[in-house]
Novice: 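My structure is below; once you've seen it, I'll send some questions.
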There are 2 protein chains.
Amino acid sequence: MLKNEREREIINFLKTEDGFVTVKTLCEKLYTSESSIRRDLTALEQKGIIKKTYGGAELVKSFSNVVSFIKRSHHNINEKKIIAKKAKSLLRDGDIIFLDQSSTSFYLANEIMSDSTLTVITNNIEILSLLSNSALRVISSGGILSSENRNCLIGADAHSIFENIRAHKVFFSTKSLSEDGIISDCTREEVLVRNVMLQNSEQKIFLCDSEKLGTKSPYKQTTLNHVDFLITENDNAVIFSESFPALQIM
Amino acid sequence: MLKNEREREIINFLKTEDGFVTVKTLCEKLYTSESSIRRDLTALEQKGIIKKTYGGAELVKSFSNVVSFIKRSHHNINEKKIIAKKAKSLLRDGDIIFLDQSSTSFYLANEIMSDSTLTVITNNIEILSLLSNSALRVISSGGILSSENRNCLIGADAHSIFENIRAHKVFFSTKSLSEDGIISDCTREEVLVRNVMLQNSEQKIFLCDSEKLGTKSPYKQTTLNHVDFLITENDNAVIFSESFPALQIM
DNA sequence: AAAATATTGATTTATTTTGATAAAAACAGT
DNA sequence: ACTGTTTTTATCAAAATAAATCAATATTTT
């Protein structure tokens, strides 16, 4: 692996992890020696992108737009990455996809960064920032920056993009999936915009780490019988296969 | 295989891949020697299309690393911060403002992060990311992620937000301001969306670090007689006070 | 067709990058 | 403050890549 390539990977790593990596981790992930990693890190530090610390490096804080989304708490990162990998396997060349405001969608965005045949439409500003470093065709919804999560766009202007584009697939995730197959979430406005995505997409793919399973949230999004794929990181979701025979579980 | 044919293929390769290829890969894919590939690469580099790196080459426009953005934003950083501070002094409580896709606007956004009475409308995704960490009311345009700069939204969906909101002030910046007062920029789509901002704002405030002074770019944005304020980091702009008596220079 | 010019790939030479090692520095626990 | 461990820095030879050179081939011009 070349220096150039590594530097990009390192930045990417910092962005998708919590803004910090150890030298060791980088060695393992990038299959290279400590020396090289250290040299890369000093180079990146001189460019002002990262800050070396004892044992590793972190993204510089001053460029909050590069870092912004890292501050947000992403839980169950590993589960979400597994789900993202599975979700990726459903994609075909040339697909037009909606990615919702969930963090799981963000990890999917990360997986597809180099699939330049795809078109991504999203209201998730973390995804927008991330994919601004890719060659993908990206379309953002407009709208009001959600006052609750501050990571997505909502309101009428957010709806209009999804109303006017027909997607092959929508990938989405919410807070809760109850035993009876009701998918629900916590904020009304976000449910509304996600609904528009669901209505205007041929396939609906629900990304659901098993922690959500068996929980309930105030605002109903949809039910599993309207969903084509249910992707979890393990096999816990098979309980739905009886009640929803048409649902494909991955 | 002929030279220009190869060059085309190389560019094509860079565009469809990750924005980076190794010399080796090119040798294999194009069935030719390292020497030829290297010669092609140096030629393409001189044309300014690619940038050679150890082991390969990358697209120059390449967004694909964060570096490009940081470089851009770091250019004349102090001047831009001075301008941003001056611009901030024009703001009143409750103002609704348009911030354009320029990096100078980004620094203004940085200055106003704690003024929670303001409403910001922008097509600059860096500003969007930044202000997602603030308490400001923020509205984003929709649109296509610009393929050139990868830092802003363009196209019809970008226009519509600015068409439907009337702002108190628009803060904007472009590549060039010539001696005769013509403000111009490099990409047509960006000029267009900025135009909509200008049309729908009461006051028009041009942020212009003095390096832009006396230069010209292909696409005309507007002229100084349509501008209310011209803000620079020093006094170089006073030369315009005679020709444009209505213009306020800061 | 011959001459002039440009392009190619092989070879050699120079430069950059790499990984290993040892010594210095930073850290953690006592 | 001392000790053992981990991490950093500095250095160097080996490996990988780039640049320069040149004869052979291809292309264009005359």
Novice: Identify whether the distance between the nearest side-chain nitrogen and carboxylate oxygen of R38(B) and E34(B) falls below 4.0 Å.
Specialist: yes
Novice: Can you measure D40(A) atom CG to dT18(C) atom C1' for me and round it to whole angstrom units?
Specialist: 11 Å
Novice: Under 3.5 Å, is there a donor-acceptor pair between the T215(A) and S176(A) side chains?
Specialist: yes
Novice: For Y31(A) and dT17(C), give me the distance from atom OH to atom P, rounded to whole Å.
Specialist: 24 Å
Novice: Take atom CD1 of I37(B) and atom P of dT7(C), then tell me their distance rounded to the nearest Å.
Specialist: 15 Å
Novice: Between S36(A) and dG19(C), does any side-chain N or O lie under 4.0 Å from OP1 or OP2?
Specialist: yes
Novice: I'd like a table of atom pairs between the protein and nucleotides 5-9 of chain D - only N or O on both sides, under 3.5 Å - with the distance next to each one.
Specialist:
| from | atom 1 | to | atom 2 | distance (Å) |
| --- | --- | --- | --- | --- |
| dT6(D) | O2 | Y54(A) | OH | 2.9 |
| dT7(D) | O4' | Y54(A) | OH | 3.0 |
| dT7(D) | O3' | G55(A) | N | 3.0 |
| dT8(D) | OP1 | T53(A) | O | 3.2 |
| dT8(D) | OP1 | G55(A) | N | 2.6 |
| dT8(D) | OP2 | R38(A) | NH1 | 2.1 |
| dT8(D) | OP2 | R38(A) | NH2 | 3.1 |
| dT8(D) | O5' | R38(A) | NH1 | 3.4 |
| dT9(D) | OP2 | K52(A) | NZ | 3.0 |

Novice: Find the distance L41(B):CG to dT17(D):P and express it as a whole number of Å.
Specialist: 14 Å
Novice: Can you tell me the distance, in whole Å, between the CG atom of L2(A) and the P atom of dA16(D)?
Specialist: 12 Å
Novice: For dG9(C), take OP1 and OP2 only and decide whether either is under 4.0 Å from a side-chain N or O of T32(B).
Specialist: yes
Novice: To the nearest angstrom, how far is R39(B) atom CZ from dA26(D) atom P?
Specialist: 15 Å
Novice: On the nucleotide dT8(C), are OP1 or OP2 found under 4.0 Å from the side-chain N or O atoms that S33(B) carries?
Specialist: no
Novice: Between E58(B) and K52(B), does at least one N-O distance fall below 4.0 Å, as a salt bridge requires?
Specialist: no
Novice: Between the side chains of R194(B) and D185(B), is the shortest nitrogen-to-carboxylate-oxygen separation below 4.0 Å, so that they form an ion pair?
Specialist: yes
Novice: Rounded to whole Å, how long is the line connecting atom CD of E5(A) with atom P of dT18(C)?
Specialist: 11 Å
Novice: With ring-ring contact (aromatic ring centres under 6.0 Å, His included) as the criterion, how do F206(A) and F172(A) come out once you've worked through the C-alpha distance, each side chain's angles and the decisive distance to 0.1 Å?
Specialist: CA-CA 5 Å; F206(A) 183 44; F172(A) 71 106; 5.0 Å; yes
Novice: Atom CG of L30(B) to atom P of dG9(C): distance rounded to whole Å?
Specialist: 11 Å
Novice: Are D95(A) and K169(A) within salt-bridge range, i.e. N to O under 4.0 Å?
Specialist: yes
Novice: Less than 4.0 angstrom from a charged side-chain N to a carboxylate O is my criterion; do K47(B) and E7(B) meet it?
Specialist: yes
